[in-house]
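See below for the structure under consideration.
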2 protein chains.
Amino acid sequence: MPRDGNETKQRILDAAQAHVLEKGFAATSVDDIQQAAGISRGTFFYHFPSKDDLARALIVRYGQADYTFVEGFRERAERLATDPLQRALIFLALHEDVFQEMQPEEAGCLFASFSYEAGVLDDETEAIIVESIEHWRRVLGGMLEEAMLQHSPVMEDVDPYLLADLAYGVFQGAFILSRSLGDKGLMSSHIREFRRYLEVLFGVVPARGTRTETGSAAPL
Amino acid sequence: MPRDGNETKQRILDAAQAHVLEKGFAATSVDDIQQAAGISRGTFFYHFPSKDDLARALIVRYGQADYTFVEGFRERAERLATDPLQRALIFLALHEDVFQEMQPEEAGCLFASFSYEAGVLDDETEAIIVESIEHWRRVLGGMLEEAMLQHSPVMEDVDPYLLADLAYGVFQGAFILSRSLGDKGLMSSHIREFRRYLEVLFGVVPARGTRTETGSAAPL
DNA sequence: GTATTTATACTGACCGGTCAGTTTAATACA
DNA sequence: TGTATTAAACTGACCGGTCAGTATAAATAC
């Protein structure tokens, strides 16, 4: 059954990605991948000249999938709301949903995995990661930049692109915490907390005062 | 120069930690470590029965250093302020200073590095990582819990321990972004942004209205 | 419409090298 | 004298990578 070579290639990439996300690239042997993908050793090297080429292919595919996801979420957010802040909040909430449905073994980012394995990727491939982060920054940062024009933030010197980077960082941090603590639900709660930050920063706050606290709101 | 065995052991751990933080544990060979530490192959195995024992020792030492750091910062923060919110803000600012003085090759967390290399550490050693995270959570979360009693947060259902976890995640995420983008300064700005979140959440906000925006502060 | 060719997909044994770990004999110090 | 260290040789498992050959199916030929 030599028909569809591309299907095999994708199966190799799927098996490889799962292994790399769990154990890391260096600790993933070609034999591991070959066995998990249900193919022979020769077939692996038929599709990928070297293990480093596999790494490159993994990053390329991951970057493309990431781009598609982000653009899809952007479009959905733009369809669901006209207010730019609401769009940003929805954009993040859509990510939250995805993470909630993730299997524990998927909870991780391939880019982050390689970030602690310097020297594997060549400069071009590293650039794909940078582009991917910058794409995210452009999309979410752009929404927040627009939001600033319509909602006065409660603080001065708000940098919408720093906020976008921070959101990306929160995702990455939540992945690591989630893996270290074995707590899957952590992902959602961290994203939700970040959304709360945006809400309170842009003044979209549910009315206070219904609470039972002692009262005085004066700070410091 | 066979004098101090412990000094050699520490030199091995130093060299190993630097390599692991850069390339990962699996990609770090005993020869790499041995050469970087300026010792012989035999000496490495004299001090560490196996490479896995080295991993364990690295985590133990890192956990201890982490504990010392956090406790030191907690004490300094408690000395510098009595208000629990201010203590939390100072506690974070002290971390910010440390990260600012970090060399690019140090920018990373050993725990995070191992979080993408499953299977290397035994359960006991993994538990050290969990304890370390929980220690952080107790310290910062405790400060924030106290802060909630004195400052009414502008939102309901604020979970001080979730905020502490989030701060930890922001650190981790900033490390990854910093490494991926090659931007060292990112660390500080992300921590500073998180502190702003706490400020705005607890109502410690510099007066608004001095800004040049169109005016209306009413949201949504 | 069967034989032949061609391109693609795949196999598994094999090779050279590297890795973690062992052993040994000699040596430096306190 | 015992602890710390060195240098070097060695083992065996495993690793990435190669290669000669097989299987398949569609295209081409007769």
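The chains referred to below are lettered A, B, ... by the order of the sequence lines, with proteins before strands, and numbering in each begins at 1. This structure is a prediction, so every number in the text was calculated from the model and none was measured.
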Problem set entry | Contacts of type side chain to side chain contact (heavy atoms under 4.5 Å, CB included), residue B:L21, not counting sequence neighbours |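 Partners of B:L21 under the side chain to side chain contact (heavy atoms under 4.5 Å, CB included) test: A:Y116, B:Q17, B:L110.
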
Exercise. Partners of B:E22 by side chain to side chain contact (heavy atoms under 4.5 Å, CB included), sequence neighbours excluded?
Worked result: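 Here the qualifying residues are A:A118.
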
Exercise. How far apart are the C-alpha atoms of A:R56 and A:E124, what are their side-chain angles, what is the distance that settles it, and do they pass the salt bridge (charged side-chain N to carboxylate O under 4.0 Å, His left out) test?
Worked result: CA-CA 9 Å; A:R56 202 176 132 279; A:E124 273 181 35; 5.2 Å; no

Mind calculating the distance between [atom1] ([X]) and [atom2] ([N]) to the nearest angstrom?
X: B:Y46; N: D:dA8; atom1: OH; atom2: C1'; result: 19 Å
X: A:Q35; N: C:dT11; atom1: CD; atom2: P; result: 13 Å
X: A:N6; N: C:dT8; atom1: CG; atom2: C1'; result: 13 Å
X: B:I33; N: C:dC19; atom1: CD1; atom2: C1'; result: 12 Å
X: A:Q34; N: C:dA13; atom1: CD; atom2: P; result: 11 Å
X: A:Q10; N: C:dA9; atom1: CD; atom2: P; result: 13 Å
X: A:D32; N: D:dC15; atom1: CG; atom2: P; result: 7 Å
X: A:D31; N: D:dG17; atom1: CG; atom2: P; result: 12 Å

Exercise. Closest to the A:T8 side chain: D:dT6, C:dC10, D:dC15?
Worked result: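 The answer is C:dC10.
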
For this session: Name the closest nucleotide to the A:S40 side chain, picking from C:dT11, C:dT8, D:dT5.
Result: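 The listed nucleotide nearest to A:S40's side chain is C:dT11.
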
Exercise. How are the rings of A:F111 and A:Y62 set relative to one another: parallel (under 30°), tilted (30 to 60°) or perpendicular (over 60°)?
Worked result: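 Plane angle over 60°, so perpendicular.
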
Please tabulate the protein-to-nucleotide N/O contacts below 3.5 Å involving nucleotides 21-23 of chain C, giving atom names and distances.
unit_1 : atom_1 : unit_2 : atom_2 : d
C:dG21 : OP2    : B:K51  : N      : 2.5
C:dG21 : N7     : B:R41  : NH2    : 2.4
C:dG21 : O6     : B:R41  : NE     : 3.0
C:dG21 : O6     : B:R41  : NH2    : 3.2

Exercise. Does one side chain, of A:S132 or A:D66, offer a donor that lies under 3.5 Å from an acceptor on the other?
Worked result: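 A:D66 and A:S132 do have a side-chain donor-acceptor pair below 3.5 Å.
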
Exercise. Under 4.0 angstrom, heavy atoms only, what part of the nucleic acid is B:T43 near: base, sugar-phosphate, or nothing?
Worked result: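 Base, at least one base atom sits under 4.0 Å.
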
For this session: Look at A:H47 and C:dC10 and indicate whether a side-chain polar atom (N or O) is within less than 4.0 Å of OP1 or OP2.
Result: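 For C:dC10, OP1/OP2 do have a side-chain N/O of A:H47 under 4.0 Å.
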
Exercise. Does the cation-pi check pass for B:K51 over B:F25, that is, NZ or CZ under 6.0 Å from the six-membered ring centre and within 45° of its axis?
Worked result: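 Yes, cation above the ring, under 6.0 Å and within 45°.
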
Exercise. So which of B:W136, B:F69, B:Y168 actually passes ring pair (Phe, Tyr, Trp, His ring centres under 6.0 Å) with B:H95?
Worked result: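 Option passing the ring pair (Phe, Tyr, Trp, His ring centres under 6.0 Å) with B:H95: B:W136.
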
